[in-house]
Amino acid sequence: MEEDSNSSTSPKGVRVRFAPSPTGYLHTGGARTALFNWLLARSRGGSFILRIEDTDEERSTDESTRAILDGLRWLGLEWDEGPEVGGEFGPYFQSERKELHLKFADQLLKEGHAFVCDCPKDERSDDKAKFDENCRERPLSEQLKLLANNPALPLRLKVEMGRDIVFQDLIRGEVRVSTDEIGDIVIVKSTGGPVYNFSCVVDDATMDITHVLRGDDHLSNTPKQLLIYEKLGWEPPQFAHLPLIVGMDRARLSKRHGATSITAYRELGILPEALVNFLLLIGWAPKDDREEFTRDEMIAAFSLDGIGKSAGAFNTEKLFWFNGKYIRSLSDEEYQRQVFEFVPREWKKAKRDDYIAKVVLLFKDRLTHFAEIEELAWYFFRAPDDYNEEAWKDIMAGNENAALVLKEIPAALKALPEFECERIEKLVRSYAKDKKLKLKDAIQPMRVAITGDRFSPGFFEMAELLGVNEVTKRCSTALAKLNPDD
RNA sequence: GGCCCCAUCGUCUAGUGGACUAGGACAUCACUCUUUCAAGGUGAAAACGCGGGUUCAAUUCCCGCUGGGGCUACCA
């Protein structure tokens with residue numbers, strides 16, 4: 001693929017847009033499209049424009065608009081023009097541009113490129129090339145009369161049959177479609193509202209958009225839009241169609257593949273940097289083997305020729321891996337601050353913040369996302385009320401030293417002048433040595449007693465945090481279960 | 001159904017007409033570190049969908065098939 005540096009790129013640089021319809025939350029595919037647009041603008045010193053396509057009054061909601069703006073900001077994809085920031089090409093809500101769209105539709109009608117169509121609604125849908133020529137060839141005066149009598153009539157574009165519409169897609173290469181497949185497309189609905197493809201063209205053109213970078217699902221819209229540009233006598237922008245993001249089963253991304261909205265990842269405790277880095281690598285690859293990119297690095301490395309043609313699967317495991325990396329790269333303070341948002345309310349009620357801060361730090365390299373903290377660290381806030389069956393069998397019931405360890409070590413720990421990590425370690429190590437036990441055999445029973453299972457952060461740090469009373473209490477609870485007769 | 005698009009390890013991908021014994025990453029497995037689990041380190045296993053061409057040579061170019069996907073609205 002050639003980098004285009006040709007005539008259609010205006011001297012002020014590229015102008016790209018992300019144009020979501022506010023009918024739901026910002027979803028994964030949309031976020032990736034926004035990211036690539038943003039990257040193209042930033043890497044070429046151009047502008048990234050946000051336009052909200054809210055012409056579907058039934059489905060558009062303010063709440064969705066809110067969610068989309070929030071989502072983009074959270075991802076760090078700031079727009080140069082659009083809602084809340086303004087710009088000289090506004091308004092940036094498509095619904096507010098209706099008059100403009102209709103003005104150009106009217107122009108097309110007057111120029112004979114469009115016509116009032118009174119064919120029954122479903123008659124044209126099947127065979128586009130065959131239809132009643134009546135309405136198409138009617139003189140303008142008659143059409144206007146028709147419209148005056150019945151305003152609920154759509155406007156169609158007059159499309160010559162048997163023509164090939166050809167364009168160079170920056171990602172796909174040459175795309176060719178026959179007008180036989182297109183037909184006389186509707187540009188204004190019988191409700192009087194402009195149709196998506198028409199609004200889109202008018203907006204892109206009047207907003208001076210140079211590159212339309214959008215999902216593959218729009219590929220078949222492009223020839224239709226090109227026809228509209230042609231009839232309007234406008235120079236079309238460059239087009240680039242991004243391959244879609246699919247689920248691991250290659251089907252369209254949907255709820256059953258897990259989270260699809262950006263908000264959901266935010267709520268799981270995914271860092272925006274991780275999500276962006278991950279999204280970047282679906283459909284785009286750098287010239288080298290790098291995988292981790294800061295914003296500046298990705299801006300520097302990005303170019304359209306690194307974009308592939310085939311759909312990519314959204315692999316949540318890799319996202320989690322990226323996120324773990326990004327979590328570990330946070331400073332301790334920043335990590336604590338962020339994970340604190342995910343700490344359950346009961347923990348905050350039960351324990352002081354500095355205790356919680358120390359606890360969460362023990363899990364910094366164990367988390368793949370912040371929301372995991374609850375299921376990993378709960379035993380720092382309450383004693384286990386049961387023990388994992390396997391763990392109990394292997395480590396407690398199946399270990400003749402368990403009872404001894406659970407009785408003697410806590411007793412010794414109580415005698416410590418200061419219940420602190422290094423002293424605990426020293427004591428436990430020398431105890432194990434005296435009894436000719438492996439350190440593991442001394443520690444694992446206590447770990448099970450404390451956590452209910454065989455995994456946890458380092459024992460000595462954990463013990464220090466819990467305090468001598470809690471440690472001895474949990475050990476004797478376990479001991480009581482192990483030796484019910486005592 | 002019609003039209004269109006796509007096709008390298010399970011997944012994201014690199015790559016080229018001969019340097020490919022096809023590279024990297026996630027996941028997997030093993031080893032290592034180690035008080036367990038992680039994290040870290042080392043290593044292993046793992047792919048050019050099939051069939052025809054073109055060519056001295058094809059994963060790379062062409063055609064067909066198969067598979068997957070998209071579009072097929074007076075939705076956006």
Side-chain angles (χ1 to χ4, degrees), chain A residues 19-23 53-56 58-60 94 117 119 121-122 124-128 152-156 169 172-173 175-178 180-183 185-197 199-200 215-221 223 241 243-246 248-252 278 280-292 306 308-322 324-325 327-328 362-368 376 391 395 425 428-429 432 438-444 446-448 451 453-462:
Chain A
S21 34
T23 55
E53 308 214 320
D54 57 344
T55 53
D56 186 337
E58 303 273 298
R59 297 192 299 150
S60 296
Q94 198 164 57
C117 179
C119 298
K121 234 181 183 179
D122 38 347
R124 280 171 173 268
S125 45
D126 280 352
D127 193 345
K128 297 181 178 71
L153 249 25
L155 235 51
R156 287 181 184 271
D169 187 283
R172 294 316 165 106
V175 177
R176 179 181 296 266
V177 180
S178 166
D180 294 353
E181 300 298 328
I182 297 174
I185 48 180
V186 172
I187 57 174
V188 178
K189 295 180 269 185
S190 53
T191 60
V195 108
Y196 162 75
N197 274 320
S199 302
C200 185
D216 226 353
D217 47 342
H218 283 285
L219 192 59
S220 64
N221 282 325
H241 291 91
L244 265 17
I245 297 179
V246 297
M248 287 295 275
D249 57 1
R250 314 303 317 181
R252 196 192 201 107
F278 169 70
L280 174 70
L281 263 16
I282 303 181
W284 177 84
K287 305 234 183 296
D288 50 33
D289 278 339
R290 273 185 303 166
E291 293 240 292
E292 289 163 62
K309 292 182 179 182
S310 50
F314 190 93
N315 184 344
T316 312
E317 291 201 62
K318 188 154 186 178
L319 171 61
F320 280 167
W321 172 78
F322 260 122
K325 280 264 194 202
I327 286 176
R328 274 167 253 130
L362 296 181
F363 292 90
K364 190 176 171 187
D365 58 10
R366 276 159 244 261
L367 288 180
T368 65
L376 289 185
I395 294 164
E425 173 159 8
V428 173
R429 277 186 191 279
K438 284 193 219 152
L439 191 57
K440 182 168 72 170
D441 292 325
I443 287 177
Q444 281 302 78
M446 290 193 289
R447 195 190 303 280
V448 173
T451 71
D453 208 336
R454 59 222 306 180
F455 330 108
S456 84
F459 177 79
F460 310 118
E461 292 85 347
M462 175 168 69

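Quick note on labels: first sequence line is chain A, next is B, and so on, each numbered from 1.
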field: Closest to the Val195(A) side chain, choosing from C26(B), A76(B), G40(B)
entry: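 My answer, after comparing the listed nucleotides, is A76(B).
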
query: From the list G2(B), G40(B), U35(B), which nucleotide is the closest neighbour of the side chain of Lys325(A)?
result: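 Nearest to the side chain of Lys325(A) among the choices is G40(B).
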
Using purine N1 to pyrimidine N3 plus N6-O4 or O6-N4 for Watson-Crick, or N1-O2 and O6-N3 for G-U wobble, each under 3.5 Å, what pairs with [N]?
N: A7(B); result: U66(B)
N: A19(B); result: none
N: A57(B); result: none
N: C71(B); result: G2(B)
N: C33(B); result: none

Residue whose closest nucleotide on RNA chain B lies nearer the 5' end, Pro457(A) versus Gln94(A):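 Looking at RNA chain B, the more 5' nearest nucleotide goes with Pro457(A).
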
field: 5'-most by nearest nucleotide on RNA chain B - Val175(A) or Glu425(A)
entry: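 Looking at the nearest nucleotide for each, Val175(A) comes out on the 5' side.
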
Classify the nucleic acid contact of [X] as base, sugar-phosphate or nothing, counting any heavy atom under 4.0 Å across all strands shown.
X: Asn221(A); value: base
X: Arg59(A); value: base
X: Thr55(A); value: sugar-phosphate
X: Gly458(A); value: base
X: Phe460(A); value: base
X: Glu291(A); value: base
X: Ser456(A); value: base
X: Arg454(A); value: base

Would you measure the distance from the [atom1] atom in [N] across to the matching atom in [M] and give it in whole Å?
N: C50(B); M: C37(B); atom1: P; result: 42 Å
N: A7(B); M: G15(B); atom1: P; result: 13 Å
N: A76(B); M: C20(B); atom1: C1'; result: 47 Å
N: A58(B); M: C12(B); atom1: P; result: 28 Å
N: G68(B); M: A46(B); atom1: P; result: 27 Å
N: C5(B); M: G10(B); atom1: P; result: 27 Å

query: Can you find an N or O donor on one side and an acceptor on the other, under 3.5 Å apart, linking the side chain of Ser310(A) with the base of C6(B)?
result: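 No, the side chain and the base share no sub-3.5 Å donor-acceptor pair.
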
Spacing between [X] atom [atom1] and [N] atom [atom2], to the nearest angstrom:
X: His218(A); N: C4(B); atom1: NE2; atom2: P; answer: 21 Å
X: Asp289(A); N: A22(B); atom1: CG; atom2: P; answer: 16 Å
X: Glu292(A); N: A25(B); atom1: CD; atom2: C1'; answer: 10 Å

message: Working note: Leu219(A) + Asp169(A), criterion side-chain contact (heavy atoms from CB on, under 4.5 Å); need CA distance, chi angles, decisive distance, verdict.
response: CA-CA 9 Å; Leu219(A) 192 59; Asp169(A) 187 283; 4.2 Å; yes

- prompt: Can you find a side chain N or O atom of Lys309(A) that sits less than 4.0 Å from OP1 or OP2 on C6(B)?
  reply: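 Yes, Lys309(A) has a side-chain N/O under 4.0 Å of OP1/OP2 on C6(B).
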
- prompt: Sub-3.5 Å donor-acceptor pair from the side chain of Arg447(A) to the main-chain atoms of Gly458(A), do we have one?
  reply: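 Here the side-chain-to-backbone pair does not exist.
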
field: Main-chain N/O of Leu362(A) paired with Arg366(A) side-chain donor or acceptor, under 3.5 Å
entry: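 Such a contact is found between Arg366(A) side chain and Leu362(A) backbone.
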
query: How many angstroms lie between atom CZ of Phe278(A) and atom OG1 of Thr316(A), to the nearest 0.5 angstrom?
result: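 With rounding to 0.5 Å, CZ (Phe278(A)) is 6.5 Å from OG1 (Thr316(A)).
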
